[in-house]
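Working notes for the structure below.
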There are 2 protein chains.
Amino acid sequence: MSNKIKPSILPGFMELLPKEQLVFNDIVSKITGVYEQNGFLPMDTPIIEKEEVLLAKSAGETEKQVYRIDKEDKRQVLRFDLTVPFSRFAAQYMNDLTFPFKRYQLGKVYRGERNQKGRYREFYQCDVDVVGNGSLSIKNDAFVINMASKALKKIGLNSYKFQISNRKILTGILEGLNITNMQEVMILIDKYDKITEEQFLSDLLKLVGEENAKVIDEVIKISGSSDDVVEGLKKVAVKNEMLEKGIEETEEVIKYLKLFGVEDSEYAINLKIIRGLDYYTGTVFETLLTGNESYGSICSGGRYDNLAQNYTENVLPGVGMSIGITRLFFVLKEIGFIENYKGSLNDKYLIIPIGETFEYCTEVLNKLLQSGKSAEIYFEDGKLKKKLTYANKLDIKYVILIGEDEVTNSELVIKDMVTGEQKKLKIEEL
Amino acid sequence: MSNKIKPSILPGFMELLPKEQLVFNDIVSKITGVYEQNGFLPMDTPIIEKEEVLLAKSAGETEKQVYRIDKEDKRQVLRFDLTVPFSRFAAQYMNDLTFPFKRYQLGKVYRGERNQKGRYREFYQCDVDVVGNGSLSIKNDAFVINMASKALKKIGLNSYKFQISNRKILTGILEGLNITNMQEVMILIDKYDKITEEQFLSDLLKLVGEENAKVIDEVIKISGSSDDVVEGLKKVAVKNEMLEKGIEETEEVIKYLKLFGVEDSEYAINLKIIRGLDYYTGTVFETLLTGNESYGSICSGGRYDNLAQNYTENVLPGVGMSIGITRLFFVLKEIGFIENYKGSLNDKYLIIPIGETFEYCTEVLNKLLQSGKSAEIYFEDGKLKKKLTYANKLDIKYVILIGEDEVTNSELVIKDMVTGEQKKLKIEEL
């Protein structure tokens, strides 16, 4: 007979055991560390906000997925991304911020998605944005992609490729071809990788007619090195100012990427990249895992003309990107990256008293802590084997055994749990 | 005419501008750093959980304050502390955890409190707990208070005093006096500091009669050094096993506190400390800011017999404590600590290109970043004055000016924004 409640969590929520949580946290702190080192300031906003504010620009899908708080009069919702809170923040504190405002934000967001593997209803996002007051240099576009590069390298991930485009290119081409149902065409191109070639061509034909379809199809298939793509674009038989601007911006982004140290092998120009239709206006990019492209983009972003138009008359152009850390962690687990993660997980020490040696053990502990080491004493009674098992299970690298002889001689025995090597030290030698 | 929505957040939520957010984050990372260094493992649980799980043991006040999600069938609530999720977690993953399980958790919790200054509806808590499987050494009680000491010292706070008691002492005394309305007496003692002396004595008299009231009043007023209090307690004319156990435990806690390096001046035994009535069973403590006691405890905790009794038959005794970081930050702001916070905020560099020197600037940037410095380039056009203002506003200590002469000579001019000092360096000297 038991009146216990079964301990469990809701479906669609990620929860990790300590070993994986350590890796998760190490990844997060490496990524945010890169952002901080590069001048991004931290930001933290409430998870609950006013519905009128967060859903100021209601996108249909979002509204359906939003978590609402069941509370009296005031309509409150949980944030579904970090972009809308950021735009609210920028407008609200505009006079207190220094522009260009470079911020990063790490936080949980909520979406009532259909429950399926690898899709989470609560997940961490980590965003960076640079926002100008009135204007913002194109250098920032390259700078933000460079941040993605530095962050991914920092966690030891090398097998990725940025897929870069500029929305002005396709927009310019469609404008130049006098195509009026531009949005439908964009949506179709965005689906390119999810449908067959025949389906794509037949849909495109229906939307723009044979002649235009041929031009568009040729354009989005231009590939090769970034120089090749730019050359290819310059040869397209469409004259349009926005197209020229898009090509020029792309060339600049590529130029600055190189200066920031992003290597040629890390990116490709991919004219099929579209992203948020009514949000981005220039550079856009996604990030695919080489050999694991089917997981989709692990890091995406781009340039927008006006961050906070729902809240202010001030024009705040910006460029930013987001890593869905919870989803990234899931993917990295799937591809075996987490299992082999080394990271900077500290070497740890476990001090085991044998007999009445606790006081001396605290001396050793305090010495280790003062020198910056991670260390703990095993406090409980029990067999030595159990204590060594504790060290093994927690991946503690060094065990220090202290018996009464060691106290008498001001010594200690240190055992490397990886190599099994054991040696005696004077306490001063520690 | 404008259809803009006023950017604002809900009352009772804390939001910081970058300068304060940097300090907030530095405080948090120092505290969690101390916990990690001392062997505590990170834990992260969902903010939304099943109502049946989080409210398994419904406390009246909690239930009224809880945030509920307005969603279909499944009843979901936002967590109101980190203790209940921890007990659920410990029961759920019991077989995967290594005991004693030392965990820390940092996260936001939600309570629909009445809106008033210094009270938040969303706030960060940072908890540590050590939990044993079946038993747990008393050394952990001292160890946890030692964690509070190390964490507060780490952030540079010195003016605090731990108020330590042991629930067995008062319980033993009341038992020894054959007092049956024990809970009411405890609640009255808990209110001691909030009512007048006369009120307290007259209420106590009503509850336990004159003779008992005299004994209890004398006991809770025993003060002085920890040795004095222990001596005083030993002289109390009440014989009771639990009382003796309480005194013995207190002596042990004091002994181990000293070994861990907690100084005498950091704590006092205060027999009026009660805390969660039906939760704690041994050591209890609170932390008062010396000279600012009226803000109440900034860090509290204690020993409990059984963490997860709502979810499992296994007995998990533990000891833990919690810092309400959002509230602590508020208090530290009030007492002027934040304003003067130095912490480990990094020295930062801002590189300002003058003329067409951007490429060379990226060389300098990459050099600084590689050596671990925080550095950024000012990308935008504009007057030098505006750029220097940016550096000043963001507390950037070093500005590096790079004109065409500097490029020609592989030099740079570095300006200390604090001292105003300016010097020329060769790029290799950086």
Side-chain angles (χ1 to χ4, degrees), chain A residues 2 4-5 7-10 13 15-18 21-22 25 36-39 41-50 52-53 56 67-71 74 76 88 91-93 96 98 100 108 122 132 137 139-140 259-261 310-313 359 362 366 369 374 376 379-380 390 393-394, chain B residues 2 4-5 7-10 13 15-18 21-22 25 36-39 41-50 52-53 56 67-71 74 76 88 91-93 96 98 100 108 122 132 137 139-140 259-261 310-313 359 362 366 369 374 376 379-380 390 393-394:
Chain A
S2 150
K4 305 298 180 195
I5 288 158
S8 66
I9 56 173
L10 292 157
F13 287 70
E15 190 164 74
L16 303 173
L17 286 167
Q21 190 70 54
L22 276 167
N25 289 12
E36 281 184 13
Q37 203 202 352
N38 283 275
L41 297 168
M43 217 184 96
D44 188 26
T45 63
I47 285 178
I48 310 176
E49 293 216 29
K50 294 177 185 173
E52 73 199 64
V53 170
Y67 277 83
R68 289 164 201 284
I69 296 292
D70 171 20
K71 245 197 162 38
K74 259 233 153 78
Q76 311 180 3
R88 189 265 307 150
Q92 186 171 345
Y93 305 107
D96 301 303
T98 307
K108 285 178 168 176
E122 173 187 74
S137 159
K139 296 187 181 84
N140 292 284
L259 290 178
F260 291 128
N310 293 318
Y311 313 112
T312 173
E313 301 285 352
E359 189 167 336
T362 59
N366 294 337
L369 292 175
S374 289
E376 56 185 305
F379 293 151
E380 312 305 311
Y390 176 89
K393 285 209 177 158
L394 298 188
Chain B
S2 151
K4 306 297 178 194
I5 288 159
S8 66
I9 56 173
L10 291 157
F13 288 71
E15 192 165 73
L16 303 173
L17 286 167
Q21 190 70 53
L22 276 167
N25 289 12
E36 282 184 12
Q37 202 202 351
N38 284 276
L41 297 168
M43 218 185 96
D44 188 26
T45 62
I47 285 178
I48 309 176
E49 294 215 29
K50 294 176 184 173
E52 73 201 64
V53 170
Y67 277 83
R68 289 163 201 284
I69 296 292
D70 170 20
K71 246 200 162 36
K74 260 240 150 74
Q76 313 180 359
R88 190 263 310 150
Q92 185 170 345
Y93 305 107
D96 302 303
T98 306
K108 286 179 169 177
E122 173 187 74
S137 160
K139 295 187 182 83
N140 292 285
L259 290 178
F260 291 129
N310 293 319
Y311 312 113
T312 174
E313 301 285 353
E359 189 169 336
T362 60
N366 293 337
L369 292 175
S374 289
E376 57 185 305
F379 292 152
E380 312 305 310
Y390 175 90
K393 284 209 177 158
L394 298 187

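Only this structure's heavy atoms are used, side chains among them; waters, hydrogens and symmetry mates stay out. Throughout, protein chains are lettered first and strands after them, A, B, ... in sequence-line order, and every chain is numbered starting at 1. Keep in mind it's a predicted model, so treat the numbers as computed, not measured.
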Side chain / backbone / both / neither for A/Lys50 at chain B, heavy atoms under 4.5 Å
both
Part of A/Thr312 lying under 4.5 Å from any heavy atom of chain B:
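Only the backbone of A/Thr312 comes within 4.5 Å of chain B.
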Greatest number of non-hydrogen atom pairs under 4.5 angstrom with chain B, of A/Asn38, A/Ile48, A/Asp96, A/Asn366, falls to A/Ile48
Between chain B and each of A/Val53, A/Leu17, A/Asp44, count heavy-atom pairs under 4.5 Å; write down the option with the most.
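Maximum pair count with chain B is reached by A/Asp44.
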With heavy-atom distances below 4.5 Å as the criterion, would you say the side chains of A/Tyr390 and B/Pro100 are in contact?
yes
Quick check on the interface: out of [options], who has the most heavy-atom pairs with chain A under 4.5 Å?
options	value
B/Leu259, B/Leu16, B/Leu41	B/Leu259
B/Thr362, B/Leu10, B/Asn310, B/Thr98	B/Leu10
B/Glu52, B/Glu36, B/Glu122, B/Met43	B/Glu122
B/Asn25, B/Leu394, B/Ile69	B/Ile69

CD1 on B/Ile9 to CD on A/Glu49, rounded to 0.5 Å
7.0 Å
Expected output: side-chain B/Gln37 to main-chain A/Leu369 donor-acceptor under 3.5 Å
yes
Specify the closest pair of heavy atoms between [X] and [Y], including all atoms of both residues, with the distance to one decimal.
X	Y	value
A/Gly39	B/Glu376	CA-OE2, 3.7 Å
A/Glu15	B/Pro46	OE2-CD, 3.2 Å
B/Lys108	A/Ile47	CD-CD1, 4.0 Å

Tell me every residue that passes ring pair (Phe, Tyr, Trp, His ring centres under 6.0 Å) with B/Phe13, counting only those two or more places apart in sequence or in another chain.
none
Side chains of A/Gln76 and B/Tyr67: any donor to acceptor distance under 3.5 Å?
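Result is no, nothing qualifies.
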Quick one: what part of B/Glu359 sits under 4.5 Å from any heavy atom of chain A, side chain, backbone, both or neither?
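For B/Glu359, heavy atoms of backbone and side chain both lie under 4.5 Å from chain A.
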